[in-house]
Amino acid sequence: MTLTYDPQNIFARILRGEIPNKTVKETAHTLAFHDIRPLAPVHILVIPKGAYVTFGDFAAKASAEEIADFHRTCAAIIAEAGLDAGYRVISNAHDHGGQEVPHYHLHILGGAALGPMLAR
Ligand code: 5GP
């Protein structure tokens, strides 16, 4: 397992403006945008602007200000997306977690019944 941050990962390139995105919300420390391959009617990715690889990396190393900004932004998105009937928040990490992009992100999913948490 490596926690070396790859500055060429696709979300780093989105943060640098090299690749377009459909922005949902942006703050000083956080960017949220629509997933390019949505798995639910609402599928929003929320990423910190800092260089963190996984949930664990972010939780261990980010400042209190970054962590608060990130989670408050998630809460605002959930409220504004009208997910009163429910939603799911997922963060994949490393190989066993099936992480595709090695820049920490949360998936906010909703807009329909999402079924079981994991396929059996
Ligand atoms: P992971 O498997 O790393 O948790 O999820 C990465 C997510 O990023 C996937 O759901 C994938 O559809 C999304 N994704 C990959 N490349 C792009 C891109 O260029 N733009 C956007 N908006 N989403 C992307």
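Ligands are counted one by one from 1 in listed order, and the atoms in each one are counted from 1 as well. Treat the numbers as computed from the prediction; the structure is a model and nothing was measured. In what follows, every heavy atom counts, from backbone to side chain, and hydrogens, waters and symmetry copies are set aside.
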Residues in ring pair (Phe, Tyr, Trp, His ring centres under 6.0 Å) with His43, at least two apart? His107
Listed by chain and number, what are the ring pair (Phe, Tyr, Trp, His ring centres under 6.0 Å) partners of Tyr52, not counting sequence neighbours? Phe58
If hydrophobic clusters are built by linking Ile, Leu, Val, Met, Phe, Trp and Tyr wherever their side-chain heavy atoms come under 4.5 Å apart, do Ile77 and Leu106 end up in the same one? yes
Under the side chain to side chain contact (heavy atoms under 4.5 Å, CB included) rule, collect the residues that match up with Arg37, sequence neighbours excluded. Asp35, Glu100
Under 4.5 Å between side-chain heavy atoms, hopping through other hydrophobics if needed: is there a path connecting Val46 to Tyr87? yes
Between ligand 1 and the protein, which N/O pairs fall short of 3.5 Å?
{"from": "ligand 1", "atom 1": "2 (O)", "to": "Gly98", "atom 2": "O", "distance (Å)": "3.2"}
{"from": "ligand 1", "atom 1": "2 (O)", "to": "Glu100", "atom 2": "N", "distance (Å)": "3.1"}
{"from": "ligand 1", "atom 1": "3 (O)", "to": "Glu100", "atom 2": "N", "distance (Å)": "2.7"}
{"from": "ligand 1", "atom 1": "3 (O)", "to": "Val101", "atom 2": "N", "distance (Å)": "2.9"}
{"from": "ligand 1", "atom 1": "3 (O)", "to": "His105", "atom 2": "NE2", "distance (Å)": "3.0"}
{"from": "ligand 1", "atom 1": "4 (O)", "to": "Asn92", "atom 2": "ND2", "distance (Å)": "2.8"}
{"from": "ligand 1", "atom 1": "4 (O)", "to": "His105", "atom 2": "NE2", "distance (Å)": "2.8"}
{"from": "ligand 1", "atom 1": "4 (O)", "to": "His107", "atom 2": "NE2", "distance (Å)": "2.8"}
{"from": "ligand 1", "atom 1": "5 (O)", "to": "His105", "atom 2": "NE2", "distance (Å)": "3.2"}
{"from": "ligand 1", "atom 1": "5 (O)", "to": "His107", "atom 2": "NE2", "distance (Å)": "3.3"}
{"from": "ligand 1", "atom 1": "10 (O)", "to": "Asp35", "atom 2": "OD1", "distance (Å)": "3.3"}
{"from": "ligand 1", "atom 1": "10 (O)", "to": "Asp35", "atom 2": "OD2", "distance (Å)": "2.5"}
{"from": "ligand 1", "atom 1": "12 (O)", "to": "Asp35", "atom 2": "OD1", "distance (Å)": "2.5"}
{"from": "ligand 1", "atom 1": "22 (N)", "to": "His34", "atom 2": "O", "distance (Å)": "2.9"}
{"from": "ligand 1", "atom 1": "22 (N)", "to": "Ile36", "atom 2": "N", "distance (Å)": "3.4"}
{"from": "ligand 1", "atom 1": "23 (N)", "to": "Ile36", "atom 2": "N", "distance (Å)": "3.3"}

What orientation do Phe11 and His103 show, parallel under 30°, tilted 30 to 60°, or perpendicular over 60°? perpendicular
